[in-house]
Amino acid sequence: MTDQWREVNPLSKFILLADDDLSDLQRTSLDVLYQPIIGVLPYALINNFWRMSHEKKTHQAHSHFETLSYLSVDMKSFYDARLRLEAAGLIKTYIKTNEKGEKQYVYRLVSPLSVNDFFMDDLLSVSLLQVIGEDRYVDLYNEFIRPGFDLSEYEDVSKNFLQVFNIRDSEVTNTPKAAQQVKNSIKNNSFDVQSGPVIEKSDDFDFNLLLDMLNQSYVNTSDVKKNINLINSEHQLYGIDEIEMAKLIEKATNVTNNVFDPNNFKILISRQFQSNALNIEARQNSEVTELKSETKSIDLTKKERELSDIAKEYTPLNFLNKIKGQNNEFVQETEHKMVNNLVEMQFLNFEVINLIIYHIIIDMQKPSLSKSLFESIANDWSRHSISNAEDAIRYIKQRKNDRNDRIKETKRNYRKPIKRKLPEWAKKGAKQKDYGEIDKKDEEEIQKIIDEIHSDGKEGGR
C-alpha cells in the first residue's frame, strides 16, 4: 500500500472541479483551523488547486508534472499530501482508465466547513485539539464562536417575502420557463458531496451497553444519543472502552441540569491523555485468537510472547504513553502527531506500530521518536508485509542474524590480520544498539515494562 504513489504517472492529466468559490469564512476556516491538522504541503496543494480551478477554461486538463514543478515536490510527497486532503474531506479523487491503459484523474474540490460546523464536527475538532493543545483550542473557540443571546422574551415581528414584494400568483404556482431551465441545469451539473471527513462506525464498541450504564446515572441519555459520532471518534482515536467512556461522559455532564457538554468532553479526554492519566482496560482476545497466536509464536521466547500480547492490547498512542511513562517522560507533540498520522494512513496494524515504538525507544535506546527513523522503519516493515506483532519480533531478530552473518563473512574474507582499535559497539560485553535486536540482553527490560503495564492494569481495574 505504501507504493501506490508509484501508480501515478507524473505525465498523467487531471481535471479540477469546484462548484463554488471559497467565501471569506471558509478561507478563514482553511487557514486557521484546517492547516494545523493537514500540514504545510497539503495546505499549499489545496490552495494551488483552488487557484488553478479558476485559472483556465472549464474542465481543462492539467498535468501532474506542472503541479509537482510548481510546488517543488516529488510524486510521493504529492500523493501523501493528496491522501491527507482526502481524509480531511477537502478533496474527492476519481480515476478513469482509457483503452490504452492510461489513467485520467478528476479532483473535486470540496469547500471547507464553516467555523461553526468545524467545531461541531467530531473528527476535525478533536484532531485540532490534539495538535494545538487545550489552551490554543479554547482561544480559537472564543475568538470565532459568538456567544448566544436569549430571545425567549422577544416576539418575532419579521415580514415574509410576499408581504413585502409584489409577485404574481401565477408565476409562483407556474415557474417561468427561463427560471426552470436554470434550476434544471444546476440540478443536473451538481453533485451532492459531503463536506468534512468520514469515519466508519466501530464494530467493537457497544453503544447500547454504554446507554444502559448511563441510564443508572444522572446523565440525560438523549443528549448522548445526539453525539454518537463524537463518541465513536473518541473511541477509535484513543481506544476508550464502554466503562471508561461512561465515566468521561458523566464528568462532562452538568450535575445541575444533567446536560452533556460535547466540548468539555473533548477537552477532558485530551487533557487526561496528555497527562498520562487515562487508564484504559486492555481488550481481551478471544480463545481462538489466543490459540492462533500461540501457534504462530512457537519460535519466540516466553518474554517475547508476552511483549507480543501487550502490543495487541493497546492503541499506539496509549502504548507510547506507557513506554515513555517508564522513564517519567511525556509524549511530545511531534511524536503524538507522527504516530497519529501513521495510524490514519492505515498502512500497518496497531500492534505492528506498537512494536516500532518499542523497538526505537527500548531496543535502540532512543530518547524520543525521530521522524526519519520512525517512517523509515514503518516503510520497511510495510514493504515486507509485517502484519502482526509476532512477525515484527521475528523480523527484528532476523535483521540481527543477517547482520551477524555479514560480520562473520567479512571476518572469513580477511587475508592479512590488521590490528585496529575496536569501536565500543564491537567490544565484548557492549550492548548492541543496531536495528534488529531482541534477545536475552533485552529480557530484563521487557520484563520491567511487562510488570509495570500489568501493575497499571490492575490498579485501573479497581
Side-chain angles (χ1 to χ4, degrees), residues 18-51 53 81-93 107-149 191-201 223-224 226-238 252 259-271 273-274 333 336-337 340-341 343-344:
D19 293 335
D20 301 303
D21 292 334
L22 290 182
S23 67
D24 291 341
L25 290 177
Q26 289 171 332
R27 168 58 60 186
T28 299
S29 179
L30 179 63
D31 294 346
V32 181
L33 304 179
Y34 278 90
Q35 193 273 335
I37 299 174
I38 62 178
V40 176
L41 179 55
Y43 173 75
L45 177 59
I46 193 63
N47 274 291
N48 188 52
F49 276 170
W50 276 107
R51 176 188 59 80
S53 67
R82 196 194 81 190
L83 291 185
R84 297 183 71 83
L85 293 175
E86 292 172 359
L90 293 173
I91 194 174
K92 299 284 288 184
T93 301
Y107 298 136
R108 173 172 289 279
L109 306 183
V110 183
S111 299
L113 296 176
S114 67
V115 173
N116 285 51
D117 289 338
F118 183 97
F119 280 106
M120 290 297 294
D121 185 273
D122 301 324
L123 285 174
L124 290 174
S125 59
V126 169
S127 298
L128 180 64
L129 178 58
Q130 288 178 348
V131 174
I132 66 177
E134 179 184 338
D135 292 341
R136 179 58 178 157
Y137 180 84
V138 174
D139 287 343
L140 288 177
Y141 175 81
N142 292 331
E143 177 181 350
F144 290 118
I145 305 300
R146 297 180 179 179
F149 186 84
F191 291 84
D192 186 14
V193 180
Q194 180 179 351
S195 298
V198 178
I199 186 170
E200 295 181 357
K201 184 178 179 181
D223 289 339
V224 177
K226 296 176 184 178
N227 291 276
I228 183 173
N229 290 331
L230 170 60
I231 294 171
N232 180 49
S233 300
E234 297 289 2
H235 162 68
Q236 296 207 35
L237 283 171
Y238 293 103
V259 174
F260 172 66
D261 186 346
N263 283 323
N264 190 28
F265 178 67
K266 299 173 190 176
I267 293 174
L268 276 173
I269 292 180
S270 177
R271 184 183 299 164
F273 176 80
Q274 296 294 342
E333 274 192 16
H336 186 286
K337 189 173 182 180
N340 199 43
N341 287 345
V343 169
E344 291 177 350

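Scope of the values below: all heavy atoms of this structure, side chains included, with no hydrogens, waters or symmetry mates. Start at 1 with the first residue, then count along the sequence.
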If every non-hydrogen atom of [X] is compared with every non-hydrogen atom of [Y], which pair is closest and at what distance?
| X | Y | answer |
| --- | --- | --- |
| S111 | Q26 | CB-NE2, 3.5 Å |
| A252 | N264 | CA-ND2, 3.7 Å |
| K266 | S125 | NZ-OG, 2.5 Å |
| Y34 | P112 | CE1-CB, 3.5 Å |
| N263 | F119 | OD1-O, 4.3 Å |

Taking side chain as C-beta onward, heavy atoms only, is [X] less than 4.5 Å from [Y]?
| X | Y | result |
| --- | --- | --- |
| L30 | Y43 | yes |
| K92 | L109 | no |
| V131 | R136 | no |

Strictly distance-based, threshold 3.5 Å: is any side-chain N or O of [X] a donor or acceptor partner for the main-chain N or O of [Y]?
| X | Y | result |
| --- | --- | --- |
| D121 | D117 | no |
| T28 | D24 | yes |
| S53 | W50 | yes |

Using 0.5 Å steps for rounding, measure from the [atom1] atom of [X] to the [atom2] atom of [Y].
| X | Y | atom1 | atom2 | answer |
| --- | --- | --- | --- | --- |
| L128 | I37 | CG | CD1 | 5.0 Å |
| L33 | Y141 | CG | OH | 13.0 Å |
| I267 | D135 | CD1 | CG | 9.5 Å |
| F118 | M120 | CZ | CE | 13.0 Å |
| R108 | I91 | CZ | CD1 | 11.0 Å |
| L41 | L85 | CG | CG | 8.5 Å |

(message) For L25, is the CG atom crowded, meaning more than 12 foreign heavy atoms sit under 6.0 Å from it?
(response)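 Counting neighbours around CG of L25, 12 or fewer heavy atoms of other residues, nucleotides or ligands fall under 6.0 Å, so no.
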(request) Pick out which of N229, I228, D223 makes a side chain to side chain contact (heavy atoms under 4.5 Å, CB included) with K226. (result)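 Result: among N229, I228, D223, D223 is the only option passing the side chain to side chain contact (heavy atoms under 4.5 Å, CB included) with K226.
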(message) Please enumerate all residues that pass side chain to side chain contact (heavy atoms under 4.5 Å, CB included) together with L83, with sequence neighbours excluded.
(response) Y79, E86
(message) I'd like to know whether V126 forms a side chain to side chain contact (heavy atoms under 4.5 Å, CB included) with L230, so could you lay out the CA-CA distance, the side-chain angles of the two residues, the decisive distance to 0.1 Å, and finally the verdict.
(response) CA-CA 9 Å; V126 169; L230 170 60; 4.1 Å; yes
(message) Holding to ring pair (Phe, Tyr, Trp, His ring centres under 6.0 Å), I want the full list of residues that pass it with F144, two or more places apart in sequence or in another chain.
(response)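 For F144 there are no ring pair (Phe, Tyr, Trp, His ring centres under 6.0 Å) partners, ignoring immediate neighbours.
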(request) Applying side chain to side chain contact (heavy atoms under 4.5 Å, CB included), run through N47 and R27 and close with a yes or a no. (result) CA-CA 10 Å; N47 274 291; R27 168 58 60 186; 2.4 Å; yes
